[in-house]
Amino acid sequence: VTGYILGEMVWPFAAAFLLTNMVLLLLQLLQLGDVVFGSAFTLGLMLRLVLFTAPHYLVITLPLSTLTAAVIVFGRMSDENELMALEAGGIAPRSLYPAPLLLAAAVSLLSLGVQLYGEPWGMRMLYARTVEVLKDNTSYNFQAGVFNDEIPGTVIYFDATDDSRRAWRKIFIH
């Protein structure tokens, strides 16, 4: 029974995982659109931004996909009277618990790893790449020592510039 239920949960899990990740990543790209869709935009940049933001959303989408898969599978089994047939065949309802619990445990461990290692890495890389794009984008005229709010929804502050290295010092992005 556990193998059957796990097998039934694979496709709903995968569909929910792909759908929620696509929606969240598209929303993130739209939010970053003012920054990345300037003169420095390339397909490679967009793919890197998706890679850098993916761990942040995996922490949300993995548990959400597990819940969605369990609700879909057990809802379908209830609608098609499979649960009643299993009980009539002598299979106790508590024997249905291991499958979603195994999937939830595996997803929890994966989410923990992503949250501890993947998400901090992705946010550091996203921050660094965003700063590079802002410096390379010629359509913005940022000034040192001023709260620059030319990009809607974003405030950028840096203390000074080092023109020899094209670097900003003491950067704050909100």
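Source: prediction; values computed, not measured. In what follows, every heavy atom counts, from backbone to side chain, and hydrogens, waters and symmetry copies are set aside.
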Linking I/L/V/M/F/W/Y whenever their side-chain heavy atoms sit closer than 4.5 Å, directly or via other members, would [X] and [Y] fall into one cluster?
| X | Y | answer |
| --- | --- | --- |
| Leu47 | Met123 | yes |
| Leu110 | Leu24 | no |
| Leu51 | Val114 | no |
| Leu6 | Ile91 | yes |
| Val50 | Val59 | no |

*Does a sphere of radius 6.0 Å around OH in Tyr97 hold more than 12 heavy atoms from other residues, nucleotides or ligands, not counting ones at 6.0 Å or beyond?*
no
*Atom OH of Tyr117: over 12 foreign heavy atoms under 6.0 Å*: no
*What distance do His56 atom NE2 and Leu25 atom CG have between them, rounded to the nearest 0.5 Å?*
10.0 Å
*asked:* With rounding to the nearest 0.5 angstrom, report the OG1 to CG distance, Thr53 to Leu126.
replied: 6.5 Å
What are the two closest non-hydrogen atoms of [X] and [Y], and how far apart are they?
| X | Y | result |
| --- | --- | --- |
| Pro120 | Gln115 | CD-O, 3.4 Å |
| Leu96 | Pro100 | O-CD, 3.2 Å |
| Thr2 | Pro98 | OG1-CB, 3.8 Å |

Please list, one pair per line, the donor and acceptor atoms closer than 3.5 Å that link side chains of residues 60-78 to other protein atoms, with sequence neighbours excluded.
residue	atom	partner	partner atom	Å
Thr61	OG1	Asn21	OD1	3.2
Thr61	OG1	Asn21	ND2	3.4
Thr61	OG1	Tyr57	O	3.0
Ser65	OG	Phe17	N	3.1
Ser65	OG	Thr61	O	2.6
Thr66	OG1	Leu62	O	3.0
Thr68	OG1	Leu64	O	2.8
Arg76	NH1	Glu80	OE1	2.8
Arg76	NH1	Glu82	OE2	2.5
Arg76	NH2	Glu8	OE1	2.8
Arg76	NH2	Glu82	OE2	3.3

_So, using ring-ring contact (aromatic ring centres under 6.0 Å, His included) as the criterion, who are the partners of Phe52 when residues are at least two apart?_
Trp121
*What pairs of residues pass the salt bridge (Lys or Arg N to Asp or Glu O under 4.0 Å) test when at least one of them lies in residues 93-118, not counting sequence neighbours?*
none
